[in-house]
Amino acid sequence: MTRRFSWFNATSLTFGFAFLYLPMVILIIYSFNKSKLVTVWAGFSTKWYGELMRNEAFLDAAWVTLKVALVSSTLATVLGTMAAIALVRGGRFFGRTLFSGMIYAPLVMPDVIMGLSLLLLFIAIGLERGVFTIILAHTTFSMCYVSVVVSSRLASFDRSLEEAALDLGCTPFDAFRSVTLPIIAPAVISGWLLAFTLSLDDLVIASFTSGPSSTTLPIKVFSAVRLGVSPEINALSTILIVLVSTGVISASLISKRAIIRQRREERAAMAQ
Amino acid sequence: MVQHESPTVFAPWEDPEQKPLIRFIDVTKRFGDFTAIENLNLDIYEREFFALLGPSGCGKTTLMRMLAGFEAPTEGTILLDGADIAPVPPNRRAVNMMFQSYALFPHLTVEQNIAFGLKRSKMTKGEIADRVLEMLRLVRLEPFARRKPHQISGGQRQRVALARSLAKAPRLLLLDEPLGALDKKLRQETQFELMDIQEKTGTTFVIVTHDQEEAMTVASRVAVMDHGRLVQVATPDGIYENPNSLYVADFIGEVNIFRGHARALGDNRYEFTWAEGKAPFTAVSERDDIPASGPCSLAIRPEKIAITAERPEGALNAVEGTVLDIAYLGSTSTYHVQLAEGPVIKAQTANNRRISRRSFNWDDRVWLSFTETAGILLPGHE
Amino acid sequence: MNLRRTLLIALPYAWLLALFLVPFGIVLKISLSDMALAIPPYVPTLDITAGWAGLKEFFSQLDFENFVFLTEDDLYWRAYLSSLKIATLSTLITLLVGFPIAYGMSRASDAWRPTLMMLVILPFWTSFLIRVYSWMGILSQQGLLNQFLLWTGLISEPLTILNTNVAVYIGIVYTYLPFMILPIYASLEKLDESLLEAAEDLGCSRLQAFWLVTVPLSRAGVIAGCFLVFIPAIGEFVIPSVLGGSRTLMIGKVLWEEFFSNRDWPVASAVAVVLLLILVVPIILFQRNQQRQREQEQ
C-alpha cells in the first residue's frame, strides 16, 4: 500500500524526534566535558566517570537498587502471572471484581499516594524500613504491570491448545506447565523486564518506604539534582541510558528477527 | 468405503445383535437459558464413520465436546462401551479429538506433537519412538518430523493433527471440521485420505461438518441436526433419496418443492393436486404417514426432471413452461423454468457431449416431466 | 475447587489486599485523626487489645477536621486548582505536539514504521528522573537554550525558565509525549487509506479529507492519549520539584512537603484522599473509553 508522505510529515517527524532525543544527546555529550561548569564546553574528558567509580555512596546505592530490582521484579513476575491466570482463566470466584480493580488501580495511582499509604502501613504494623520494605512496595505495583502484560497475551491465547493437551492425557496442571507456560513465556519475560526497569526508575515510592540505610540510586540522584546540574550525574545518567537502550534495542532486534524468520519459514512452507 | 470392500454390507445399525460403542440416552445440554441439545438419543457403532451435519449453532459441536469431556450433559447419560462417561475427565477418556484449529503446539516439533499424548501413557521411550514413526508413515510426513508447525503447509498441519490424535489408538476419534481450513481441491483429496486412514486403523470416527458434500463423501451414516435435535439419521444415499422432512430435503442438495393436496389411490399411489385447473401429478410413496386425503408436499431433485421441446409421450407427470435462466456448470447445466402457474422449477441435464449446441435457449417453450417415483411425497407443508 | 486453583487466586489476592487495600484504609483512617508530636505523629491509634470499647473509643475520636482545614487554608485550594490547570494545559500542548508526530509515523513507509515505533518507546524505558533532569542543563540561566537564543540575537537578556511553571510544562510534555503518540498512532495506523481516496473522489480537498475523515476516526486514540497524560500529570511530583520553582504549586509536591517537612501525617493523608477523589472521574471516563474501543474492535 502506498501512503502519502508529505513534507509536513517529514518536518513533524524530524522536529518531534529531535525534541525527544536532543536533551538526552546533550546530556551524554556534556558528561564528557572537562569543566565542572556544566554549560561551558572545556574539552573532552572521562574524568567524571572516574569520579563516579570512586564515589562509594553512589556505588552502595546502585547495589541496593539492583538488589531491590532483581528480587522485586522476580516476585512481581510470579505473583503477576498468577494474578493474570486467575483473572483470565480462573472463572468466577468471590470478589473477582475487587481483585481486577486492585490489579488495574495501581497503574493509574499517583506514586505519592502509593508511597504514603505503604509507609503508613509499615509504620502501623511496626515493620522497620529498609531494603525489605522497598521490595514489598515495588513488588506490589509492578506485579500489576506484569499481570496486565501477561493477561493480554493469555486472552489472545488459543484455548483449544489447552484442550488438546487435556485430550491427550494431561492433567490441568500438566497442560499449563507443558503447553501454556512455554507459549506465554515471551510475555512473562517482557513482564519481568518491565518490572525490573520500573523498580530501577522508581523514586517516589522508594523515598517513602526506604530507611536511612537503604538509599536507592534514584533517591541519591534526586537529592544531588536538587542542588543543580552536576557532571557526575551526567556521567551516571549516560551509563544508565546506554545500558537500558542497548538492552531494549537488542531485545527488540532479537524478537524482530525471530518474527521475520518465522514469516519466511511460513511462506516457504506454503510454497511447497 | 467400507461397505464396498466387505462382502456383506457394513450396516451394524440394522443388526439388533450389535452393541453400540456410543449411546446417547435422553441427553439434554443447556447453557443458561439456551438449550444446545434437546432430549437426544443416538447410537454410534464400532468402526463407523459417523458425520454430524448441520448449520452453525445446531448443537453438533456441543455434542462432540460432550464426547471429548469438555462439556457435561445437563440431563441424560452418555455410554461408551456400556459405561457412563460422565465421571471420566477428558484426560482419562479413550476418546481423542482433532481440533478445528488443529491446536498444534507451536513450541514443539511435528514429532514431539505426535509423541505428546504417548508420553502421558505408560509406554517406554522405545515404544513411543516406534509409534511416532508408525504415525508419521501413516500420514506420510516422515521427512518433516523435526519441523515446527509454522514450517509446514496447511495440509501437512492437518495431517499432523490427525496423527497426533490417532497416536494413542483411541476407541473413538472426534474430528471437528477437520478440513474446514483447506482449499477446495485439497479438501477433496484429503477426504479420501481420511477414509483410507479410518479403514486402515479401524477406529470409529465421528466428524462434525457443515459441508454436506463432505459428510456425504466420507460418512457411513449422517446425522442431520437442527436446533439441538436430530432431524434424520441415515446413510448418505438414504438422506439424499429419502429425506424424512422438507428441512432435510432442502438442506441436502438442491430440490424443487410443490405444495398441494394428496389423495390416496391405493397401492401406495397418490394423486397430488398442486394448482387449480392443472392436471394432478401421480406419486408413489411407501411412507405410512401420508394422509388418505390432506395437505402434502412433493420434493423433486432437479436431475430427476427431464426437459424436452415436446410433451414426451406417455409421461405421467408433465408441465409446460418458459426457460428463464440457464446456468452452465461444466458437467451439468441447470435450467430455471417459469411455469405458467407461478413457480420457477429447476431442471438439470448432464453435459455428456463436448461443445454440443445448447438444445434450449432463453424464452423457449419447454416441457418438464418426471416419473411417479422421482418425487418424494411428504406430509404437510412445512 | 482444588487446592492449586485456590492457591493461584488466593496468593496474589491476599498480597494486594494486604499491601494495596489495607494501606488505603490506613490513609483514610489517619486523614480523620489528629496530629500529635509523638511517633507516629497522630492520635488516636487503634488499640485492638482494648476490644469493642477500644473500637468505639477510636471511632468517636475520628472527625473531618483535616478536610475542613483543607478548605480553610487556601494553599490547598490553590494547589488543587493549579494542578488541574497545569495538567489540562500540558495535556493540550502534548496533544498538539504529539498528533503531528503520530500522523507522520502513520504515513511513513512500512520499512520505517517499526523503527519509528521503537524510537518512541525507547524513552519510556529510560529513567524518568534522568529525562526530567536532562532539561535542567538546557533551561537554566546559563543553559544551552539561553546561549542559543542570545547567539541568534532573538533576546539580549537570558530568560528565566528553570524553576518556573514554563519549565514544568516543558517537562510534562517531554516525559509524557510517548503516552500521547502511541494510542493516536495505533488508531491512525488502522485507518484505511482508501477512505481518504474515497473522500477525495467525492470532492473533498486533502485538507477537508483530513479534517472530515482522519480526525474523527482517530478520536478514540486522541481521547486515550489525553487521559494517559492528564491522569498521571495531576499527581506529578518529580517534575515540579526538579524543574519547578518554589512558587510552583502542585498537589503531589504539597503532599510530599506536608509529610516530610511538616510531618503532619493527618493533613498529608487528607490531601491524598482528596487527590484520589479528584482522579476518580477521569479514571472512570478513561476506562469507559477503553471499553468502548474494545467493543468496537470485536
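Predicted, not measured: the structure shown is a model, and the values here were computed from it. Side-chain atoms are counted along with the backbone in the values below, which use heavy atoms only and exclude waters and symmetry mates. Order of the sequence lines fixes the chain letters, A, B, ..., with proteins taken first and strands second; residue numbering starts at 1 for each chain.
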> Below 4.0 angstrom, N of the basic side chain to O of the carboxylate: do B:Arg65 and A:Glu163 qualify?
Replying inline: yes

> So how far is it from B:Tyr102 OH to A:Leu161 CG, rounded to the nearest 0.5 Å?
Replying inline: 14.0 Å

>> Just to verify, which of A:Gln262, A:Glu265, A:Arg264 counts as forming a side chain to side chain contact (heavy atoms under 4.5 Å, CB included) with B:Gln151?
In response: A:Glu265

> What distance separates A:Asp158 CG from B:Leu104 CG, expressed to the nearest 0.5 Å?
Replying inline: 10.0 Å

> Looking at B:Gly69, B:Pro90, B:Pro170, B:Gly117, which makes the most heavy-atom pairs under 4.5 Å with chain A?
Replying inline: B:Gly117

> How far apart are the C-alpha atoms of B:Arg120 and A:Leu168, what are their side-chain angles, what is the distance that settles it, and do they pass the side-chain contact (heavy atoms from CB on, under 4.5 Å) test?
Replying inline: CA-CA 8 Å; B:Arg120 267 101 198 144; A:Leu168 293 166; 6.0 Å; no

> How about B:Phe31: does its CZ atom have over 12 heavy atoms from other parts shown lying under 6.0 Å from it?
Replying inline: yes

>> Does A:Phe15, at its CZ atom, have more than 12 non-hydrogen atoms belonging to other residues, nucleotides or ligands within less than 6.0 Å?
In response: no

> Closest heavy-atom contact between A:Ser160 and B:Ala103?
Replying inline: O-CB, 3.5 Å

>> At a heavy-atom distance under 4.5 Å, which candidate from B:Ala161, B:Ser101, B:Gly155, B:Pro89 has the highest pair count against chain A?
In response: B:Ser101

> Contact part of B:Phe70 toward chain A, heavy-atom cut-off under 4.5 Å: side chain, backbone, both or neither?
Replying inline: side chain

> Counting distance only, does the side-chain N/O of B:Asn96 pair as donor-acceptor with the main-chain N or O of A:Asp167 below 3.5 Å?
Replying inline: yes

>> Within the supplied structure, the quantity of interest is the number of heavy atoms (other residues, nucleotides, ligands) at a distance under 6.0 Å from B:His210 NE2; does it exceed 12?
In response: no

> Given a strict heavy-atom distance threshold of 4.5 Å, which part of A:Ala165 is in contact with chain B: side chain, backbone, both, or neither?
Replying inline: both

> What's the verdict on side-chain contact (heavy atoms from CB on, under 4.5 Å) for A:Ser178 and B:Phe116, showing C-alpha distance, side-chain angles and the deciding distance?
Replying inline: CA-CA 10 Å; A:Ser178 55; B:Phe116 191 90; 3.6 Å; yes

>> Main chain of A:Ala269, side chain of B:His150: is a donor-acceptor contact present, judged purely on distance under 3.5 Å?
In response: no

